[in-house]
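Right, one structure below, let's go through it.
Because the structure is a prediction, the values reported are computed rather than measured.
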Amino acid sequence: MPKIRTLSWWLIAWTLPAVIAAALGWRGVWGGGSAFTDYLIPIPVAGGALHVPSFLVATVAVMLLPTLGAAGAVRVRALLIGMALAGVLYLLNLQPILAALKTGAAWPSLWEANPLGLFLLSDALLALLFTAAVPRPWLRVDLAALVLVLLPVALPLSMALPRVGALAEVKFTAGPGQHGDARGDEMLMVHTTFDPAAPDFRRHAEAWALQPQSMVHPRFHVSAETMALLFTRDAEAGRRSGRDKAEATLCLYEDDTPPRWLPGAGDCFSGHENFSGQVARAAAARPAEEPAELRSHLAAVELCAPFRDRPVPEGQGLQLTRGLICAGLPRERERLRRKFPDDPRLAS
């Protein structure tokens with residue numbers, strides 16, 4: 001593979017999803033900042049980590065395909081086509097769409113901001129483009145090629161289909177989310193067939209929100225620490241984040257703050273500070289001469305101390321920010337000790 005072609009592949013394939021996501025206004029995987037920077041960084045705490053598997057597969061395909069015979073090239077292209085189709089399925093709002101087809105309910109929004117789907121689709125289409133000229137025939141249908149197309153497609157379908165029945169039975173459909181001003185604050189429109197003024201509405205809504213498979217409670221959400229659920233009976237408002245049509249708001253908190261109900265499009269965020277916000281504020285209050293990463297670590301140590309003897313709740317799908325931050329302190333301390341070996345505050 002010529003050096004210029006290799007360099008072009010690496011540059012275009014790695015950066016294109018980040019450019020597309022930024023142009024679409026997507027946020028980073030953890031909810032902070034633009035997706036552009038987040039998708040370019042290939043480390044576990046950034047969105048770029050999700051890009052690594054499909055990028056490596058596509059890179060191997062681009063390097064090997066010109067050296068293969070017709071049969072091998074057909075099978076590699078079949079795999080790339082399967083990756084592209086899997087990417088489309090991940091980008092589709094697949095579970096609500098299948099539930100709507102099953103029940104005849106209101107049609108949900110067609111697409112969702114799924115970075116994994118974008119990475120698969122972008123890498124596969126680019127790899128097909130880079131190898132379009134070699135060798136012929138470009139594609140031939142046989143059993144092996146069909147299997148290689150269907151294997152990647154089976155993954156998003158196997159993830160979506162088991163939940164379709166549950167989604168079809170509930171009377172609540174989550175729509176698009178929006179980020180609040182502070183990290184961890186998120187709002188979610190929810191279309192409901194129930195009347196929010198009905199006596200048993202709140203009981204049904206809270207029971208639905210507490211189900212792990214609903215994935216709306218901040219304890220089951222990968223980036224939210226406070227979630228404002230805005231309920232509406234207007235299906236179109238539920239699809240387009242029409243807050244003016246919200247009839248009731250349920251405020252849910254990842255910490256021990258009890259849930260609360262507010263009329264209309266209520267404000268769940270004022271007067272409440274998330275754990276990550278507390279860490280950021282405590283870090284900013286430390287002496288300015290301390291390195292930023294040391295300030296953040298020492299602030300987290302101080303804030304995690306009261307919870308040392310309180311185990312983090314465990315269970316299906318739980319994503320507790322405090323647990324993630326506090327559990328990672330020993331590993332972070334060891335890293336900082338190597339960087340600041342003379343700092344006694346980093347002693348075990």
Side-chain angles (χ1 to χ4, degrees), residues 24-28 30-32 93 95-97 99-100 103 105-114 163 166-274 276-277 317 319 321:
L24 293 173
W26 291 9
R27 303 289 293 273
W30 298 100
N93 203 9
Q95 291 167 349
I97 289 174
T103 63
W107 193 256
S109 57
L110 187 60
W111 305 102
E112 64 175 345
N114 188 311
R163 288 185 58 203
L167 287 175
E169 293 170 4
V170 301
K171 304 298 182 181
F172 303 95
T173 304
Q178 292 181 333
H179 299 286
D181 294 333
R183 179 176 178 178
D185 289 348
E186 301 208 15
M187 296 170 284
L188 192 67
M189 292 297 301
V190 180
H191 173 249
T192 177
T193 56
F194 285 175
D195 181 359
D200 59 346
F201 170 77
R202 294 187 177 185
R203 178 175 61 85
H204 283 292
E206 290 182 15
W208 170 74
L210 286 172
Q211 295 174 1
Q213 61 266 32
S214 297
M215 296 183 67
V216 297
H217 197 291
R219 290 195 167 199
F220 306 119
H221 197 281
V222 70
S223 60
E225 295 177 67
T226 298
M227 179 69 80
L229 297 179
L230 283 68
F231 293 92
T232 178
R233 284 177 291 174
D234 187 321
E236 179 60 27
R239 289 194 293 269
R240 61 174 176 82
S241 297
R243 298 185 61 199
D244 57 318
K245 298 294 185 180
E247 299 175 63
T249 298
L250 173 59
C251 304
L252 298 171
Y253 302 94
E254 187 183 73
D255 55 24
D256 296 328
T257 304
R260 61 190 177 118
W261 284 92
L262 299 171
D267 178 10
C268 297
F269 310 129
S270 297
H272 180 270
E273 187 175 32
N274 299 322
S276 59
Q319 299 277 351
T321 301

Please answer whether the main-chain N or O of [Y] pairs with a side-chain N or O of [X] as donor and acceptor at a distance below 3.5 Å.
X: S214; Y: V216; answer: no
X: T249; Y: L230; answer: no
X: D255; Y: T257; answer: yes

- Could you please spell out the steps behind the side chain to side chain contact (heavy atoms under 4.5 Å, CB included) verdict for L188 and M227? CA-CA 7 Å; L188 192 67; M227 179 69 80; 3.9 Å; yes
Applying side chain to side chain donor-acceptor pair (under 3.5 Å), can you list everything that pairs with [X], at least two apart in sequence or on another chain?
X: D244; result: none
X: W111; result: none
X: E206; result: W261
X: R260; result: Y253

- Any side-chain donor paired with an acceptor under 3.5 Å for D185 and H272?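 Not at all, the side chains of D185 and H272 share no donor-acceptor pair under 3.5 Å.
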- Answer with yes or no whether the side chains of T232 and D234 bring together a donor and an acceptor at under 3.5 Å.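 Short answer, no.
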Would you compute the distance between atom [atom1] of [X] and atom [atom2] of [Y] and round it to the nearest 0.5 angstrom?
X: K245; Y: H191; atom1: NZ; atom2: NE2; answer: 12.5 Å
X: R243; Y: M187; atom1: CZ; atom2: CE; answer: 5.0 Å
X: H217; Y: Q211; atom1: NE2; atom2: CD; answer: 12.0 Å

- For the student: nearest non-hydrogen atoms of A209 and L252, plus distance: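 It is CB-CD1, 3.8 Å.
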- Task: Could you check F201 against T192 for side chain to side chain contact (heavy atoms under 4.5 Å, CB included), going step by step and ending with a plain yes or no?
- Result: CA-CA 10 Å; F201 170 77; T192 177; 3.9 Å; yes
- Task: Give the intermediate values and the outcome of side chain to side chain contact (heavy atoms under 4.5 Å, CB included) for residues W208 and V190.
- Result: CA-CA 11 Å; W208 170 74; V190 180; 3.7 Å; yes
- Query: What pairs with D267 under side-chain contact (heavy atoms from CB on, under 4.5 Å), at least two apart in sequence or on another chain?
  - Reply: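 side-chain contact (heavy atoms from CB on, under 4.5 Å) list for D267, sorted by chain: F269, S270.
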- Task: Keeping to residues at least two apart or across chains, list the salt bridge (charged side-chain N to carboxylate O under 4.0 Å, His left out) pairs with something in residues 193-202.
- Result: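 Of all non-adjacent pairs touching residues 193-202, those that pass salt bridge (charged side-chain N to carboxylate O under 4.0 Å, His left out) are D195-R233.
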